[in-house]
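The block underneath contains the structure these notes are about, expressed in structure tokens.
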Protein chains: 2
Amino acid sequence: MLYFIGLGLGDVKDITVKGLEIVRQCSRVYLEAYTSILTVGKEALEEYYGHELLLILKGADVSDVAFLVVGDPFGATTHSDLVLRALNSGIQYRVIHNASIMNTVGCCGSQLYNFGETVSIVFWTDTWRPESFYDQIKKNRDMGLHTLCLLPIPSLSRGRKIYEPPRYMTVAQAAEQLLEILQNRRDRGEELAMTEDTVCVGLARIGAEDQTIRSGTLQELASCDLGGPLHSMIISGHLHPLEVDMLKLFSGPEGLKTLKMTDSSNYVS
Amino acid sequence: MLYFIGLGLGDVKDITVKGLEIVRQCSRVYLEAYTSILTVGKEALEEYYGHELLLILKGADVSDVAFLVVGDPFGATTHSDLVLRALNSGIQYRVIHNASIMNTVGCCGSQLYNFGETVSIVFWTDTWRPESFYDQIKKNRDMGLHTLCLLPIPSLSRGRKIYEPPRYMTVAQAAEQLLEILQNRRDRGEELAMTEDTVCVGLARIGAEDQTIRSGTLQELASCDLGGPLHSMIISGHLHPLEVDMLKLFSGPEGLKTLKMTDSSNYVS
């Protein structure tokens, strides 16, 4: 049996009781460390699980093998390929689910039902400055839907042949890129899907002890510092009054009253 | 401190290790049983957690109190109101996340990033037959996005003054209602967003030992029997070849080769 076991998002104790029992009885345990990272290291996991963790997936065999995935096993990149290869080799599989960023973003009070397509924002270079994620956000905004923006994480730079320091995108960097796109589109005379005053939410290390949520206008988030990885961001669509009340909880050091909810485009009906 | 603790979707051992430790140290533990249900009863939870569970939320006080929510605490209905009331009373809160249907639907291989707005399907009566969920599905389909359809669950009929037997909507019933809407729209000469041949996925008891997934055309799902609650359904949008391969795993008793992937409208680019 090949077990896919979600680890949740925070530390070693975010594994489910069921998942921990299975890990401790498996003969081999693999850790997927490509699509996301926990806030604790591999060593902390190994000590808590009482198992050495193998970082590279080799072929699964007939004994029980666990494949550990930060968040939920099917939350980020698809592990379908591994499922299909296991089944083709006559190996059964089972999934132990857990929280992932795809559902925990609800912690800021934004209704999960009202999110549109998820968007991945990429690092710009001097010569490669794609704006396609803005167009996806626009589609969601046009329907009054929120957009979850996933930002690059450190491990994504692994496997490149040219050495690059591990880096992740901060909410501030993502906001800056969006501001530049807004200016580009304005210069072209386009009707904008959002403005500098659109309410956004920056989320950092969700599920960890030091998780940080910051709501504010896009302009405000461009200068926020939410600390270490992982970061993600929500571009709000139509906001329900209860969502506004929740977002005010996270509107910076000034407390509950500073969030500017003046952007009428947030109230698409 | 008021703790919001996700229970996951299956049985007592789907709580995280962190969540279980907190439950066992809290002075009072409340169970939210309105928006979803586990496949095990309240008694099984009480025995495993070593705590009596209070079904009705009374005011939180200054001792540690846990509020247990099936799935993720912010996965279904918003508990924002409770958060705001707690903070207004000077009570801090903390969220222990877990899996919810909003992220576990990925287990059938459908990419979570490619879902549009989530849709709630309601039970029709003789005189109340709303079709608005079809229009939401249409918006997603027009953009090539998948749609997660949440179906009514037994506990939603609680609180009504007139006695009705607890009931839940099956995937077959949801598919039948959609088929009728398609016929209505066809009769009116509308361009359809989907057909009887659109690839859909029925999901039952996700996360439980006896979880069942069935892929097929909408027409096929109208006669499927996936057993007890909870059911939910995916209306596919544009399908990636790897998604098709995964869906074929769940295409009924005939095995991997029967799923009709002939609906060209599934391949919107």
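Naming: A, B, ... by sequence-line order, numbering from 1 per chain. Quantities reported herein were computed from a predicted structural model and do not represent experimental measurements.
Closest heavy-atom contact between A:Lys13 and B:Thr16: O-CB, 3.7 Å. Counting all heavy atoms, side chain and backbone alike, B:Tyr113 lies closest to A:Glu117 at O-CG, 3.2 Å. Contact detail for B:Gly109 and A:Ser80: the closest heavy-atom pair is CA-OG, 3.8 Å. When all heavy atoms of A:Leu112 and B:Phe74 are compared, the pair lying nearest together is CD1-O, 3.7 Å. Between A:Ala99 and B:His97, the closest heavy-atom pair is CB-CB, 3.6 Å.
The most heavy-atom pairs under 4.5 Å with chain B, out of A:Val119, A:Asn140, A:Thr118, come from A:Thr118. By number of non-hydrogen pairs under 4.5 angstrom with chain B, the leading residue of A:Ser110, A:Gly207, A:Cys107 is A:Cys107. Per-residue heavy-atom pair counts under 4.5 Å with chain B were compared for A:Val105, A:Leu148, A:Ile15, and the maximum is reached by A:Ile15.
Within the 4.5 Å cutoff, side-chain heavy atoms of B:Asp11 are placed close to those of A:Lys18. B:Arg94 places none of its side-chain heavy atoms less than 4.5 Å from the side chain of A:Gln211. The shortest side-chain heavy-atom distance between B:Asn98 and A:Asn98 falls under the 4.5 Å cut-off. B:Met143 is not listed as a side-chain neighbour of A:Gln136, based on a closest heavy-atom distance of 4.5 Å or more.
The contact between B:Leu20 and chain A is made entirely by side chain atoms (from C-beta outward), counting heavy-atom distances below 4.5 Å. No part of B:Ile101 comes within reach of chain A, as not one of its non-hydrogen atoms sits under 4.5 angstrom from that chain. Proximity to chain A (any heavy atom under 4.5 Å) is shown, for B:Val95, by neither the backbone nor the side chain. Contacts of B:Leu150 with chain A are made by side-chain atoms alone, with heavy-atom separations under 4.5 Å and no backbone atom involved. The part of A:Ile206 that comes within reach of chain B is its side chain, from C-beta onward, which places non-hydrogen atoms under 4.5 angstrom from that chain.
Evaluated for a side-chain contact (heavy atoms from CB on, under 4.5 Å) with A:Ser100, the options B:Thr104, B:Asp72, B:Asn103 yield exactly one hit, B:Asn103.
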- For side-chain contact (heavy atoms from CB on, under 4.5 Å), just list the numbers for B:Val17 and A:Val12, CA-CA rounded to whole Å, side-chain angles, deciding distance to a tenth of an Å, and then say yes or no. CA-CA 9 Å; B:Val17 174; A:Val12 296; over 6 Å; no
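The distance from atom CG of B:Asp81 to atom CG of A:Asp245, rounded to the nearest 0.5 Å, is 9.5 Å.
More than 12 heavy atoms of other residues, nucleotides or ligands shown are found within 6.0 angstrom of CD on A:Glu131.
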